[in-house]
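What follows is one structure encoded as structure tokens, with my remarks underneath.
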Amino acid sequence: MYRAAITAVGAFLPERRLTNADLERLVETSDEWIVERTGIRERRILERGKGSAYMAIKAAEMALQKRGFPPEELDLVIVATVTPEHPFPATANLVSSAIGASRAWGFDLEAACSGFIYALSIGADSIASGRVKSALIIGSDKMSSIIDYRDRTTCVIFGDGAGAVLLEPTQEEVGIMDYLHQADGNGCVHLCMKAGGSVLPPSVRTVRNRLHYVYQEGRQVFKHAVVQMAAVSEALMHRHGLSSEDVAFFVPHQANRRIIEAVAQRLGFPLERVMINIDRYGNTTCATLPLCLYDYENQLKKGDNLILATFGGGFTWGALWLRWAY
Ligand SMILES: CC(C)(COP(=O)(O)OP(=O)(O)OC[C@H]1O[C@@H](n2cnc3c(N)ncnc32)[C@H](O)[C@@H]1OP(=O)(O)O)[C@@H](O)C(=O)NCCC(=O)NCCS
């Protein structure tokens with residue numbers, strides 16, 4: 001049986017930095033509050049006129065180049081995003097054409113902040129089935145396109161960025177080993193974008209009422225994120241008899257440093273074995289996990305166990321166990 005292994009990681013971060021000092025000029029907040037309550041110091045912001053496909057293409061090209069993998073041999077491209085280039089067609093189609101993945105099929109996957117881990121699971125299963133020989137899994141979000149920079153409770157958190165991983169089959173004991181995902185639509189009321197979909201299409205009224213931005217009840221989301229991320233990770237580790245000592249790194253979605261610390265503590269991971277880069281990028285939604293893998297890549301060695309965990313709007317959440325392949 002084949003297993004899917006990550007064989008390369010790529011990333012793209014826009015050059016422009018939005019610092020806490022910049023936000024102090026936009027809303028009533030302070031560097032001290034933001035750092036203490038979220039752990040974030042700056043985020044990256046993509047320029048106007050460019051969208052999620054632009055960042056996805058850059059991250060994808062980097063991953064392929066690092067591996068020397070010819071784009072025309074790719075079978076599948078999945079882009080996880082909540083900020084697609086257009087409502088349709090899929091961002092994945094635009095990315096495939098731009099990078100020269102001429103024979104690949106693909107689609108966008110929307111599961112809020114859990115998008116990347118869900119997409120990685122589908123890519124891994126496609127490879128394990130034998131039908132797909134290679135897949136690019138990309139998380140790309142231009143969160144600045146759906147953030148209200150008058151709302152201090154959300155604008156301090158989110159940033160833009162993209163990450164991509166290449167999946168190839170292996171018969172070694174490495175790669176995506178297992179996953180456990182869950183979802184609960186009752187969470188919609190706590191974290192959503194109220195307008196712009198089929199129930200409330202864009203209108204003068206929806207724009208005037210600022211309904212095309214991220215709506216978030218922070219405390220509710222915080223509570224669920226800590227409980228569910230810890231529970232699903234624990235259940236997955238228990239299923240395979242893994243303890244925190246067996247795991248080289250815990251790789252949590254980067255939503256708030258306090259959430260990361262609380263989940264790590266519940267699972268028994270010391271912070272030096274937890275991937276954290278939220279201070280530099282904020283919450284990049286579907287890009288946080290591949291950006292973590294990219295930043296920590298040179299600290300990983302073949303055979304290392306990683307537990308990825310996420311929580312996002314919907315609510316959606318999940319955990320994935322992988323063994324690093326190189
Ligand atoms: C949003 C979040 C940072 C707010 O932090 P918090 O500690 O929960 O703060 P609260 O919402 O309880 O608000 C506490 C006070 O700080 C204020 N506040 C909120 N944002 C602020 C800001 N940027 N600067 C200063 N004060 C702020 C609130 O208005 C509130 O004031 P009040 O007590 O006078 O009403 C936090 O709830 C969070 O990170 N939630 C999860 C978000 C998340 O994970 N989202 C993505 C899911 S994938």
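For the numbers below, each heavy atom of this structure counts, side chains included, while hydrogens, waters and symmetry mates do not. In listed order, ligands and their atoms are each counted from 1.
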Seminar exercise, completed: Only one of Leu64, Leu167, Leu76 passes side chain to side chain contact (heavy atoms under 4.5 Å, CB included) with Leu136, and that residue is Leu64
Problem set entry | atom 10 (P) of ligand 1 touched by protein heavy atom at under 4.0 Å | yes
For this session: Apply the side chain to side chain contact (heavy atoms under 4.5 Å, CB included) test between Glu85 and each candidate in Asn93, Val79, Leu94; give the one that qualifies.
Result: Leu94
For this session: Do me a favour and list the nearest non-hydrogen protein atom to atom 45 (N) of ligand 1 with residue, atom name and distance?
Result: Gln216 OE1, 2.7 Å
Exercise. Are any of the protein's heavy atoms under 4.0 angstrom from atom 7 (O) of ligand 1, yes or no?
Worked result: yes
Seminar exercise, completed: Within 4.0 Å of some non-hydrogen atom of Cys113, the atoms of ligand 1 are 48 (S)
Problem set entry | Proximity of Tyr326 and Trp324 rings by center, below 6.0 Å | yes
Seminar exercise, completed: In this structure, atom 4 (C) of ligand 1 is nearest to the protein heavy atom Trp33 CH2, 3.9 Å
For this session: Check the side chains of Asn256 and Thr38 for a donor-acceptor pair under 3.5 angstrom, ignoring hydrogens and angles.
Result: no
Exercise. What part of Val27, side chain from CB on, backbone N/CA/C/O, both or neither, has a heavy atom under 4.0 Å from ligand 1?
Worked result: neither
For this session: Give yes if a backbone or side-chain nitrogen or oxygen of Arg258 is under 3.5 Å from a nitrogen or oxygen of ligand 1, and no if not.
Result: yes
For this session: Among all protein heavy atoms, pick the one closest to atom 24 (N) of ligand 1 and tell me residue, atom and distance.
Result: Thr29 OG1, 2.7 Å
Problem set entry | Side chain proximity check, Lys194 to Tyr213, heavy atoms < 4.5 angstrom | no
Exercise. If we only count N/O pairs under 3.5 Å, is Thr38 in contact with ligand 1?
Worked result: no
Exercise. Which of the atoms in ligand 1, numbered in the order shown and given with their element, are less than 4.0 Å from a heavy-atom of Thr153?
Worked result: 1 (C), 19 (C), 20 (N)
Seminar exercise, completed: Ranked by distance from atom 14 (C) of ligand 1, the top protein heavy atom is Arg219 NH2, 4.0 Å
Seminar exercise, completed: Numbered in order shown, the ligand 1 atoms found under 4.0 Å of a heavy atom of Phe311 are 48 (S)
For this session: Enumerate the atoms of ligand 1 whose separation from the nearest heavy atom of Leu191 is less than 4.0 angstrom.
Result: 47 (C)
Seminar exercise, completed: the protein heavy atom lying closest to atom 44 (O) of ligand 1 turns out to be Ala255 CB, 3.2 Å
For this session: Classify the angle between the aromatic ring planes of Tyr54 and Phe12 as parallel (below 30°), tilted (30 to 60°) or perpendicular (above 60°).
Result: perpendicular
Problem set entry | Between Glu245 and Ser243: side-chain donor-acceptor atoms closer than 3.5 Å | yes
For this session: Go through ligand 1 atom by atom and flag the ones less than 4.0 Å from a non-hydrogen atom of His253.
Result: 48 (S)
For this session: For the residue pair Ile78 and Leu120, establish whether any side-chain heavy-atom pair is separated by less than 4.5 Å.
Result: no
For this session: Provide, to 0.1 Å, the distance between atom 38 (C) of ligand 1 and the closest protein heavy atom, together with that atom's residue and name.
Result: Asn256 ND2, 3.5 Å
For this session: May I ask you to check whether Asp22 and Tyr149 show a side-chain donor-acceptor distance below 3.5 Å?
Result: no
Seminar exercise, completed: At under 4.0 Å between heavy atoms, what of Val156 touches ligand 1? The answer is side chain
Exercise. Heavy-atom contacts under 4.0 Å between Ile259 and ligand 1: side chain, backbone, both, or neither?
Worked result: side chain
Exercise. Where's the contact between Ile157 and ligand 1, heavy-atom distance under 4.0 Å: side chain, backbone, both or neither?
Worked result: side chain
Exercise. So, is Gly218 polar-close to ligand 1, with some N/O to N/O distance under 3.5 Å?
Worked result: yes
Exercise. Is it the case that His181 and Thr316 place a side-chain donor and acceptor less than 3.5 Å from each other?
Worked result: no
Exercise. Would you say Val227 and Phe269 are hydrophobically clustered, going by side-chain heavy atoms of ILVMFWY under 4.5 Å?
Worked result: no
Exercise. Would one find an N or O of Arg152, backbone or side chain, under 3.5 Å from an N or O of ligand 1?
Worked result: yes
Exercise. Thr285: heavy atom below 4.0 Å from ligand 1, yes or no?
Worked result: no
Seminar exercise, completed: Scanning both residues in full, the closest heavy-atom pair of Thr284 with Met143 reads C-CG, 4.5 Å
Seminar exercise, completed: For Arg37, the atoms of ligand 1 under 4.0 Å from one of its heavy atoms are 7 (O)
Exercise. Can you find a heavy atom in the side chain of Val263 that is under 4.5 Å from one in the side chain of Leu267?
Worked result: yes
Problem set entry | Any side-chain donor near an acceptor of the partner, Asp246 and Asn305, under 3.5 Å | no
For this session: Kindly confirm or rule out an N or O of Asn283 lying under 3.5 angstrom from an N or O of ligand 1.
Result: no
